[in-house]
Amino acid sequence: MPELPEVETTRRGIAPHLVGHQIEQICIRQAQLRWPISADLAKQATHHVIDAVSRRGKYLLIRMPHGSIILHLGMTGNLAIVALDKAPGKHDHVDFVLNNGSVLRFRDPRRFGSIHWSDAPEAHRLIASMGPEPLGPDFTGQYLYEQAKNRACAVKNFIMDGKVVVGVGNIYANEALFKAGIRPSRAAGRISLARYCALVGHIQATLEEAIDAGGSTLKDFYHSDGKPGYFQFQHLVYQKAGTLCPVCGAVIAQVVIGQRSSFFCAQCQR
DNA sequence: CTTACCGCCTGTCGGC
DNA sequence: TGCCGACAGGCGGTAA
């Protein structure tokens with residue numbers, strides 16, 4: 001389940017192998033991802049110099065002068081740089097063959113990921129309606145507080161809503177709400193400015209910690225299977241139902257909020 | 001506008 | 001041991 005830190009680590013890992021090079025050929029073995037890959041992709045994205053690899057939310061943008069590849073890893077997707085002669089595995093759906101002798105390989109067993117081409121990525125329907133970046137200057141306690149006014153939905157759903165802020169997935173929502181002492185089921189509109197300021201701080205700190213951990217364990221994407229080495233990252237409450245709260249010793253509870261598993265300490269989080 | 005829910009997929013896990 | 005059903009889960013689409 002690539003969360004934002006994993007996507008950012010992937011971006012940093014693949015960028016040096018892509019920038020300044022060109023895609024010679026795109027080999028699509030399975031076009032049926034979340035949306036079918038358009039024939040436009042191979043037509044547009046080959047034989048142009050890549051000038052940057054950037055990220056918006058959990059989308060990666062492989063940028064060329066006339067447009068970008070927009071790529072999402074879904075739940076189980078990953079990208080790796082592999083040798084030209086390495087045989088593809090069962091779920092290796094797409095190869096971007098580069099003119100430097102290596103291959104950017106997209107693997108995604110569950111196929112919740114997606115790959116698009118857009119000549120104006122900022123205006124693309126998947127990107128245009130997005131909220132601010134969680135690590136950017138626009139994401140503040142004041143902003144969240146304003147957005148939450150008159151909203152009755154659970155705060156956990158609220159911070160996972162991509163129109164409010166992008167890139168906060170289930171794991172980080174659970175962890176940050178625990179650290180902030182806010183119960184995930186609490187109505188978004190019934191939380192004080194001060195508590196939202198604390199929440200923003202915890203979201204950012206948790207994401208940054210994971211990005212740093214990813215960066216420190218990521219040696220070389222060329223030899224990696226695409227999995228950064230920080231999967232051993234310890235969660236405080238996520239998937240810890242039945243264990244004891246590290247703060248007060250109460251039993252961590254699990255409930256479903258908005259179709260997703262939520263973990264919290266009923267003692268610490270109100 | 002907001003909220004709730006659906007469904008795309010397949011690896012994993014629990015039960016028998 | 002092996003089979004099978006339930007389930008997880010990001011997130012856009014859509015219905016209410």
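Each chain gets a letter, A, B and so on, in the order its sequence line appears, and its residues count up from 1. What you are looking at is a predicted structure, and each value in this text was computed from that prediction instead of being measured. Hydrogens, waters and symmetry mates are skipped; everything else that's a heavy atom, side chains included, is used.
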Original post:
Do the side-chain N or O atoms of A:Y238 get closer than 4.0 angstrom to the phosphate oxygens (OP1, OP2) of C:dG9?
Top reply: yes
Original post:
In whole angstrom, what separates A:Y172's OH from C:dG10's C1'?
Top reply: 15 Å
Original post:
Separation of A:R56 atom CZ from C:dC11 atom P, in whole Å?
Top reply: 13 Å
Subject >> Earlier contact from the 5' end, DNA chain B, for A:A152 and A:R260 >> reply: A:A152
**OP:** Give a yes/no on whether any side-chain N or O of A:Q147 is located under 4.0 angstrom from OP1 or OP2 of B:dC1.
**Re:** no
Original post:
Can you tell me if the side-chain N/O atoms of A:H72 get under 4.0 Å from OP1 or OP2 in C:dG10?
Top reply: no
Original post:
Counting only side-chain N and O atoms of A:K58, is one of them less than 4.0 Å from OP1 or OP2 of C:dG10?
Top reply: no
Original post:
Which residue lies toward the 5' end of DNA chain C, A:Q254 or A:L126, if each is placed at its nearest nucleotide?
Top reply: A:Q254
**OP:** Using a cut-off of strictly less than 4.0 Å, decide whether A:T76 has a side-chain nitrogen or oxygen near OP1 or OP2 of B:dG11.
**Re:** no
Original post:
C:dG9 P sits how many Å from A:I171 CD1, rounded?
Top reply: 8 Å
Original post:
Hey, does A:L199 have a side-chain heavy atom less than 4.5 Å from the side chain of A:I191?
Top reply: no
Original post:
In whole angstrom, what separates A:N150's CG from B:dT3's C1'?
Top reply: 14 Å
**OP:** Check whether any side-chain heavy atom of A:F139 lies under 4.5 Å from a side-chain heavy atom of A:V200, and answer yes or no.
**Re:** yes
Subject >> Sub-4.5 Å side-chain heavy-atom contact between A:H17 and A:L104 >> reply: no
**OP:** Please confirm whether any donor atom in the side chain of A:R110 sits under 3.5 Å from an acceptor in the base of B:dC8, or the reverse.
**Re:** no
Original post:
Over how many whole Å does the gap from A:L33 atom CG to C:dG9 atom P extend?
Top reply: 21 Å
Original post:
Taking 4.0 angstrom as the limit, do A:R12 and A:E8 come out as a salt bridge?
Top reply: yes
**OP:** Can you tell me the distance, in whole Å, between the CD1 atom of A:I257 and the C1' atom of C:dG10?
**Re:** 17 Å
**OP:** Determine: side-chain N/O of A:R34 to OP1/OP2 of C:dG12, distance under 4.0 Å, yes or no.
**Re:** no
Original post:
Counting any heavy atom closer than 4.0 Å, what does A:Q30 reach on the DNA or RNA strands: base, sugar-phosphate only, or nothing?
Top reply: nothing
Original post:
To the nearest Å, how far apart are A:M75 CE and B:dT12 C1'?
Top reply: 12 Å
**OP:** Name the residue closer to the 5' end of DNA chain B, choosing between A:P109 and A:K163 according to the nucleotide with the nearest heavy atom.
**Re:** A:K163
Original post:
In whole angstroms, how far is the P atom of C:dG13 from the CD atom of A:Q259?
Top reply: 18 Å
Original post:
Within the structure, does a side-chain N or O atom of A:Y59 lie under 4.0 Å from either OP1 or OP2 of C:dG12?
Top reply: yes
Original post:
Nearest to the side chain of A:H91, which nucleotide is it out of B:dG11, B:dT10, B:dT2?
Top reply: B:dG11
**OP:** For A:N170, report the nucleic acid contact type (base, sugar-phosphate, nothing); a contact means any heavy atom under 4.0 Å.
**Re:** sugar-phosphate
Subject >> Aromatic-base stack, A:F112 on C:dC11, cutoff 5.5 Å, angle under 30 >> reply: no
Original post:
Is A:K149 atom NZ crowded by more than 12 heavy atoms from other residues, nucleotides or ligands, each under 6.0 Å away?
Top reply: yes
Original post:
Would one find more than 12 heavy atoms of other residues, nucleotides or ligands at under 6.0 Å from atom CZ of A:R190?
Top reply: no
